[in-house]
*Asks:* 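Input: one structure, supplied below.
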Amino acid sequence: MLQTSFIRENTSLVIERLKKRNIDATTTVNSIIVLDDKRKKTQQELDSLLAESNQLAKQIGDLFKSGNTDEANKLKNRTTQIKEQSAILKEEQNNIAVELQQLLYTLPNLPNEIVPNGKSAEDNQNVYENNPIPKLHANALPHWELAKKYNLIDFELGVKISGAGFPVYKGKGAQLQRALITFFLDRAIAAGYDEIMPPLMVNEASGYGTGQLPDKEGQMYYMPADDLYMIPTAEVPITNIYRDVILKESDFPIKNVGYTPCFRREAGSYGKDVRGLNRLHQFDKVEIVQIQHPDKSYQTLDEMVEHVKGLLNQLELPYRILRLCGGDMGFTSALTYDMEVFSAAQEKWLEVSSISNFETFQANRLKCRFKDSEGKTQLVHTLNGSALALPRILASILENNQTENGINVPKCLVPYTKFDSIN
RNA sequence: GGAGAAAUGGCAGAGUGGUCGAUUGCGGCAGUCUUGAAAACUGUUGUACCGCGAGGUACCGGGGGUUCGAAUCCCUCUUUCUCCGCCA
């Protein structure tokens, strides 16, 4: 959520930057300013009424004490008047606040200056590409066939137990999955991240804190009996650790890593994009989160991209890095890099990580602040990224490393799997 | 799930209708003393909003109510603790 004060002071910048998202925010921004003016005016009136009422209450108290009940009762008349007036103003103030809040919720984050203009994924900027695309043998199979052939993943069994999008990992498939999780966690810990195992269900306040609510309400599984949401990513519970927290400057950078299953309804998805492991309702992900000083957050973003590059390099997967264009960026992000691996049998790029700087957008909702060197309280910057999302990594490992005789396990995983090939 | 107790500032812990944004202790910060440090002493130390400022308003777990006036009384929700029951 953008700050009202920021919108007031940078009106034209806000409108200009949101054009990168192909949004004309002029009307909304103007309404926000008008409403904010109204809010200020109402508060001034209300405050002075309450000030008078506080004064009177003191006087009445004194009068009662000195036995001057007649005079006290006279003043009471005035206070009842004030009460009525202030009740009206208070309601008005509440209404304004709600309306203002709703408008603010509709505005996405401002894209950073370097975010390319564009409407869709086709306009994303390719900023890095690595590792040659492997040449597969003539009978190469897509990962869902390989998973079946080597008894690694049972999709039909998942349908029986839960439904489509809930695969069952078996045998070496399950072990490979577990190896990847541990590998990713170990690498993050080595890079200075603290491991967190958070709850997998969160309350409404947490959903609002990181911006899943109200924007992506339908994407999360919701349990009405207990008013809880299944997490769509570890970002939600981990970042919400810092909700309503005032940090010290010396706390920076806060680096957390967490492995969690992630749950997504993926309403509206269908077709061949959902084949196999490409798009699931439940999947595993290791997420890195950082809370950083505003001056250093972009440096941190680069550092996080480097970290993920390191993982992909070790896994020896062909990948590319995209700088997302305004039209393809998430609601809460100021700058996002997507990492995609090439899935050789499907012959397409699969997104395996999305690394974003949210600047103060989440922090404003979370009320996560710090005291700067002058003792002033200001909002922190939050960042996060997948490091990494498992299913598509697994898919590309299976596809890219297949030979006529089986599948080779990447060297960096062998210490974890204790086997170096699947056949 | 049943019964009872509780929730106050970074922490501990007073406060049961007005003089309370809140005694005190610890911690934090600044200073005095010291070659330096410790100790001691002095001062300072919550958040948000409004206001150029003086200053004002709100907040004692959340929401509502009683009252001229609520941290304090009432209702409700949440959470924590103790006991009982059940259970991985």
Side-chain angles (χ1 to χ4, degrees), chain A residues 1-9 32-104 197-209 213 223-229 237 240-252 254 261 291 360 362-380:
Chain A
M1 193 164 66
L2 299 173
Q3 295 172 90
T4 315
S5 57
F6 182 85
I7 295 173
R8 295 189 77 105
E9 285 156 27
I32 285 170
I33 291 169
V34 169
L35 264 178
D36 193 45
D37 286 337
K38 244 167 98 183
R39 180 189 63 86
K40 287 185 184 181
K41 211 178 130 240
T42 315
Q43 192 187 330
Q44 275 170 34
E45 285 173 41
L46 182 60
D47 281 359
S48 60
L49 268 180
L50 292 176
E52 191 187 344
S53 154
N54 286 343
Q55 278 294 322
L56 285 171
K58 250 177 227 165
Q59 283 177 36
I60 291 168
D62 291 341
L63 287 171
F64 272 126
K65 248 180 243 168
S66 58
N68 197 342
T69 25
D70 287 351
E71 196 61 28
N73 284 323
K74 241 189 237 170
L75 291 183
K76 273 195 186 179
N77 289 335
R78 175 62 186 147
T79 57
T80 38
Q81 253 179 38
I82 291 177
K83 247 178 135 175
E84 283 166 19
Q85 285 179 42
S86 62
I88 294 167
L89 278 173
K90 199 156 188 185
E91 204 191 322
E92 203 176 314
Q93 202 194 27
N94 284 341
N95 291 341
I96 292 169
V98 169
E99 213 179 318
L100 191 57
Q101 183 84 311
Q102 277 168 353
L103 279 178
L104 287 168
M197 266 201 185
L200 306 182
M201 299 186 203
V202 295
N203 56 28
E204 195 183 31
S206 295
Y208 275 96
L213 295 174
M223 279 148 298
D226 298 286
D227 203 15
L228 290 169
Y229 296 85
N240 271 282
I241 292 172
Y242 307 98
R243 172 153 50 85
D244 291 318
V245 168
I246 299 181
L247 299 163
K248 296 191 291 270
E249 216 162 341
S250 57
D251 292 332
F252 294 130
I254 291 178
I291 314 278
T360 60
Q362 288 183 331
N364 189 32
R365 288 196 187 183
L366 291 162
K367 293 200 177 60
C368 179
R369 293 157 294 174
F370 73 101
K371 286 231 193 272
D372 64 21
S373 47
E374 286 160 20
K376 258 184 69 185
T377 311
Q378 52 170 306
L379 294 170
V380 302

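Numbered from 1 within each chain, the chains take letters A, B, ... in sequence-line order.
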*Asks:* So A/L75, base contact, sugar-phosphate only, or nothing? Heavy-atom distance under 4.0 Å.
*Replies:*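 The residue A/L75 makes no contact with any strand.
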*Asks:* A/K76 side chain N/O closer than 4.0 Å to the phosphate oxygens (OP1, OP2) of B/U67?
*Replies:*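 No, outside the criterion.
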*Asks:* Looking at B/U72, which nucleotide sits across from it as a Watson-Crick or G-U wobble partner, both distances under 3.5 angstrom, or is there none?
*Replies:*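 Its partner is none (no Watson-Crick or G-U wobble pair with both distances under 3.5 Å).
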*Asks:* Measure from the side chain of A/D47, starting at C-beta and using heavy atoms only, and say which of B/C49, B/G56, B/C68 lies closest.
*Replies:*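 Closest nucleotide to the A/D47 side chain: B/G56.
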*Asks:* Say we look at B/G18 and B/A37: how far apart would their C1' atoms be, to the nearest angstrom?
*Replies:* 49 Å
*Asks:* For the backbone of A/Y208 and the side chain of A/R365, can you confirm whether one donor and one acceptor N or O come within less than 3.5 Å of each other?
*Replies:* yes
*Asks:* Whole-Å distance between B/G10 P and A/D251 CG?
*Replies:*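 My rounded result for the distance is 15 Å.
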*Asks:* Give a yes or no on whether A/E91 atom CD has more than 12 heavy-atom contacts from other residues, nucleotides or ligands under 6.0 Å away.
*Replies:* no
*Asks:* Can you check the A/L247 CG to B/G10 P distance for me, whole Å?
*Replies:* 14 Å
*Asks:* Which part of the nucleic acid does A/I246 contact within heavy-atom distance under 4.0 Å: base, sugar-phosphate only, or nothing?
*Replies:* sugar-phosphate
*Asks:* Could you give me the CA-CA distance, side-chain angles and deciding distance for A/E92 and A/K38, then say whether salt bridge (Lys or Arg N to Asp or Glu O under 4.0 Å) is met?
*Replies:* CA-CA 10 Å; A/E92 203 176 314; A/K38 244 167 98 183; over 6 Å; no
*Asks:* Can a salt bridge be assigned to the pair A/D37 and A/K40 using a cut-off of 4.0 Å between side-chain N and carboxylate O?
*Replies:*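 Not counted as a salt bridge, because no side-chain N and carboxylate O are separated by less than 4.0 Å.
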*Asks:* Without decimals, in angstroms, what is the distance between A/L63 CG and B/U67 P?
*Replies:*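 Taking CG of A/L63 and P of B/U67, I get 20 Å after rounding.
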*Asks:* Measure the distance from CD on A/Q93 to C1' on B/A48 and round it to the nearest whole Å.
*Replies:*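 The answer, rounded to whole Å, is 12 Å.
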*Asks:* So does A/L49 get a backbone contact from the side chain of A/S53, meaning a donor-acceptor N/O pair under 3.5 Å?
*Replies:*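 Checked: no pair found.
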*Asks:* When you compare B/C11 with B/G2, how far apart are their C1' atoms, in angstrom units rounded to a whole number?
*Replies:* 34 Å
*Asks:* For B/C41, which nucleotide is its Watson-Crick or G-U wobble mate, given both distances must be under 3.5 Å?
*Replies:*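 B/C41 is paired with B/G31.
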*Asks:* Mind checking the P distance from B/G36 to B/G31? Whole angstroms is fine.
*Replies:*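 After rounding to an integer number of Å, I get 13 Å for this pair.
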*Asks:* Within the structure provided, determine whether A/D251 and A/F370 are in side-chain contact (heavy-atom separation under 4.5 Å).
*Replies:* no
*Asks:* Any side-chain N or O of A/N54 less than 4.0 Å from the OP1 or OP2 oxygen of B/U57?
*Replies:* yes
*Asks:* Contact class for A/R78 vs. all strands (heavy atom < 4.0 Å): base, sugar-phosphate, or nothing?
*Replies:*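 It contacts nothing in the nucleic acid.
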*Asks:* Applying a 3.5 Å limit to both distances, which nucleotide forms a Watson-Crick or G-U wobble pair with B/U82?
*Replies:*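 Across all strands, the one nucleotide that pairs with B/U82 is B/A3.
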*Asks:* Using the P atom on both, measure B/U82 against B/C77 and round to a whole Å.
*Replies:*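 To the nearest whole Å, 23 Å.
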*Asks:* Give none if B/C60 has no partner; otherwise give the nucleotide forming a Watson-Crick or G-U wobble pair with it, both distances under 3.5 Å.
*Replies:* none
*Asks:* Starting at atom CG of A/D227, determine the distance to atom P of B/C77, rounded to an integer number of angstrom.
*Replies:* 15 Å
*Asks:* Quick one: A/E52 CD to B/G55 P, roughly how many Å, whole number?
*Replies:* 21 Å
*Asks:* Is there a Watson-Crick or G-U wobble partner for B/C87 with both distances under 3.5 Å, and which nucleotide is it?
*Replies:* none
*Asks:* Rounded to whole angstrom, note down the P distance from B/G61 over to B/A12.
*Replies:*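 Going atom to atom, P in each nucleotide, I get 14 Å.
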*Asks:* Under the 3.5 angstrom rule, does the side chain of A/N73 hit a backbone N or O of A/T69 as a donor-acceptor pair?
*Replies:* yes
*Asks:* Could you measure between the two P atoms, the one in B/A14 and the one in B/U8, and give it in whole Å?
*Replies:* 11 Å
*Asks:* Counting only Watson-Crick or G-U wobble pairs whose two distances fall under 3.5 Å, which nucleotide matches B/U16?
*Replies:* none
*Asks:* Between A/Q44 and B/G51, is there a contact of a side-chain N or O with OP1 or OP2 at under 4.0 Å?
*Replies:* yes
*Asks:* Which value, in whole Å, describes the distance between the C1' atoms of nucleotides B/U45 and B/G21?
*Replies:* 14 Å
*Asks:* To the nearest Å, how far apart are A/Q43 CD and B/C59 P?
*Replies:*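 Those two atoms, CD and P, are 13 Å apart.
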*Asks:* Rounded to whole angstrom units, what separation is found between the CD atom of A/E204 and the P atom of B/G62?
*Replies:* 18 Å
*Asks:* If each of A/S48 and A/N94 is mapped to the nucleotide of RNA chain B with the nearest heavy atom, which maps nearer the 5' terminus, i.e. the 5' end?
*Replies:*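 By nearest-heavy-atom nucleotide position, the 5'-most residue is A/S48.
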*Asks:* On the nucleotide B/U47, are OP1 or OP2 found under 4.0 Å from the side-chain N or O atoms that A/R369 carries?
*Replies:*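 Result: no.
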*Asks:* Between B/C50, B/C68, B/U57, which nucleotide gets closest to the side-chain atoms of A/I60?
*Replies:* B/C68
*Asks:* Closest nucleotide of RNA chain B for A/A51 versus for A/F64: which of these residues is on the 5' side?
*Replies:*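 It is A/A51 whose nearest nucleotide is closer to the 5' end.
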*Asks:* Closest to the A/R39 side chain: B/C49, B/G56, B/G18?
*Replies:*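 That would be B/C49.
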*Asks:* Nearest 0.5 Å please: distance from the CG atom of A/D244 over to the NZ atom of A/K367.
*Replies:* 6.5 Å
*Asks:* For B/G9, give its Watson-Crick or G-U wobble partner with both distances under 3.5 Å, or none.
*Replies:* none
*Asks:* Determine the interatomic distance between P on B/A40 and the same-named atom on B/C26; round to the nearest Å.
*Replies:* 9 Å
